Amino acid sequence: MSKPNPKELFYTKEHEWVKINQDTAILGVTDHAQELLTDLVFVELPKIGQEIKQDKSFAIVESVKSVSDVYAPISGKIIEINQALNDEPGLINQDAFNKGWIAKIKISNKKELDKLMNSKKYTEYCKKEEH
């Protein structure tokens, strides 16, 4: 069973999360997503300075089962990446919402948050998806 979804985050239907901190955001995949993917063996991180667009792939996660795109919850410019994932992609499995973050961005359009789900809606969405 997935860990509870942090209330301060926003979520996508593709199981990404975003944490807002003024005009920057931290992006990652949810605990639910890492459970579906199983053991991650590789993460292809975006490049610093790269512009990413909402709903477009900005990273790739590879597990023992599959290769999956990670989609940007909101648009912005990559300002930092989680280098630790190069050596330890399993950090996403261990701690998806903290140590397993993928990238930090400078947000280009905060209105895009209106398209995302809050914790309660995302939890309900995951329950429906499982049935």
Side-chain angles (χ1 to χ4, degrees):
M1 186 70 199
S2 299
K3 296 178 182 102
N5 298 304
K7 290 186 177 13
E8 72 277 11
L9 306 182
F10 293 89
Y11 301 89
T12 70
K13 289 183 173 169
E14 288 77 35
H15 307 291
E16 289 88 18
W17 59 264
V18 57
K19 181 177 186 174
I20 306 301
N21 185 355
Q22 294 170 333
D23 63 346
T24 63
I26 303 172
L27 315 178
V29 296
T30 65
D31 197 58
H32 182 78
Q34 71 79 20
E35 275 190 2
L36 296 173
L37 291 164
T38 67
D39 294 336
L40 292 176
V41 294
F42 178 74
V43 179
E44 185 178 307
L45 295 166
K47 306 272 181 273
I48 291 176
Q50 179 180 332
E51 292 282 344
I52 62 173
K53 295 273 179 243
Q54 187 176 43
D55 301 330
K56 301 288 184 220
S57 175
F58 77 97
I60 295 171
V61 290
E62 191 174 322
S63 72
V64 291
K65 285 199 325 194
S66 65
V67 176
S68 302
D69 285 308
V70 180
Y71 297 96
I74 58 173
S75 303
K77 184 179 201 168
I78 304 285
I79 55 173
E80 191 178 335
I81 54 174
N82 187 352
Q83 298 281 4
L85 296 178
N86 286 325
D87 297 323
E88 284 187 83
L91 287 172
I92 293 173
N93 297 115
Q94 295 160 26
D95 194 1
F97 294 119
N98 293 298
K99 291 182 186 151
W101 64 277
I102 293 173
K104 293 182 184 177
I105 66 166
K106 183 155 183 51
I107 301 167
S108 58
N109 184 358
K110 270 200 174 161
K111 285 194 172 86
E112 290 177 343
L113 291 172
D114 297 343
K115 297 179 184 173
L116 305 178
M117 293 178 273
N118 63 22
S119 171
K120 186 173 184 232
K121 283 187 177 147
Y122 178 69
T123 302
E124 289 166 7
Y125 174 78
C126 290
K127 283 182 186 159
K128 278 187 200 144
E129 204 179 50
E130 287 168 8
H131 295 292

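Not measured: the values here are computed from a predicted model. Excluded from the calculations below are hydrogen atoms, water molecules and symmetry mates; all remaining heavy atoms, backbone and side chain alike, are included.
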Rounded distance [0.5 Å steps], CG in Asn82 versus CG in Leu27: 11.5 Å
Closest non-hydrogen atom pair, Ser68 against Ser66: OG-OG, 3.8 Å
Side-chain touch Met117/Lys13, heavy atoms, less than 4.5 angstrom: yes
Contact list for residues 18-28, test side-chain hydrogen bond (donor to acceptor under 3.5 Å, both in side chains), sequence neighbours left out: Asp23-Lys106
Residue list, side chain to side chain donor-acceptor pair (under 3.5 Å) with Ser119, at least two apart or on another chain: none
Contact list for residues 78-98, test salt bridge (Lys or Arg N to Asp or Glu O under 4.0 Å), sequence neighbours left out: Glu80-Lys104
Audit row: Glu129, His32, side-chain contact (heavy atoms from CB on, under 4.5 Å) steps and yes/no: CA-CA 11 Å; Glu129 204 179 50; His32 182 78; 3.6 Å; yes
Connected via hydrophobic side-chain network under 4.5 Å: Leu36 and Tyr71: no
Chi angles and distances behind the side-chain contact (heavy atoms from CB on, under 4.5 Å) call for Lys99, Leu91: CA-CA 6 Å; Lys99 291 182 186 151; Leu91 287 172; 4.3 Å; yes
Salt bridge (Lys or Arg N to Asp or Glu O under 4.0 Å) pairs, two or more places apart, involving residues 39-55: none
Set of residues satisfying ring pair (Phe, Tyr, Trp, His ring centres under 6.0 Å) with respect to Phe58, sequence neighbours excluded: none
Point-to-point distance, once rounded to the nearest 0.5 Å, from CD1 of Ile92 to OG1 of Thr30: 10.5 Å
Minimum side-chain heavy-atom gap Asn109-Ile74 below 4.5 Å: no
Members sharing Ile79's hydrophobic cluster (side chains within less than 4.5 Å): none
For Leu116 against Pro73, the heavy-atom pair lying closest together: CD2-O, 3.6 Å
Linked, directly or transitively: Leu85 and Leu37 (ILVMFWY side chains, under 4.5 Å): yes
Non-neighbouring partners of Glu16 that pass side chain to side chain donor-acceptor pair (under 3.5 Å), sequence neighbours left out: Thr12
Gln54 and Lys115, any side-chain heavy atoms less than 4.5 Å apart: yes
Test side chain to side chain donor-acceptor pair (under 3.5 Å) applied to Ser75 - qualifying residues, sequence neighbours left out: Glu112
Residue pair Ile78 / Gln50, side-chain heavy-atom distance below 4.5 Å: yes
Counterpart residues, side chain to side chain donor-acceptor pair (under 3.5 Å), relative to Thr38 (two or more places apart): none
Ser63 (side chain) donor-acceptor with Leu40 (main chain) under 3.5 angstrom: no
Side-chain (Trp17) to main-chain (Ala96) donor-acceptor, under 3.5 angstrom: yes
Residue pair Val18 / Ile26, side-chain heavy-atom distance below 4.5 Å: no
Pairs satisfying salt bridge (Lys or Arg N to Asp or Glu O under 4.0 Å), at least one member in residues 56-65, at least two apart: none
Contacts of type ring pair (Phe, Tyr, Trp, His ring centres under 6.0 Å), residue Tyr122, not counting sequence neighbours: Tyr11, His15
Audit row: Ile20, Leu9, side-chain contact (heavy atoms from CB on, under 4.5 Å) steps and yes/no: CA-CA 7 Å; Ile20 306 301; Leu9 306 182; over 6 Å; no
Close side-chain approach of Ile60 and Val43, heavy atoms under 4.5 Å: no
Backbone N/O of Lys120 and side chain of Asn118: donor-acceptor pair under 3.5 Å: yes
Derivation and outcome, side-chain contact (heavy atoms from CB on, under 4.5 Å), residues Ile102 and Val70: CA-CA 9 Å; Ile102 293 173; Val70 180; 4.1 Å; yes
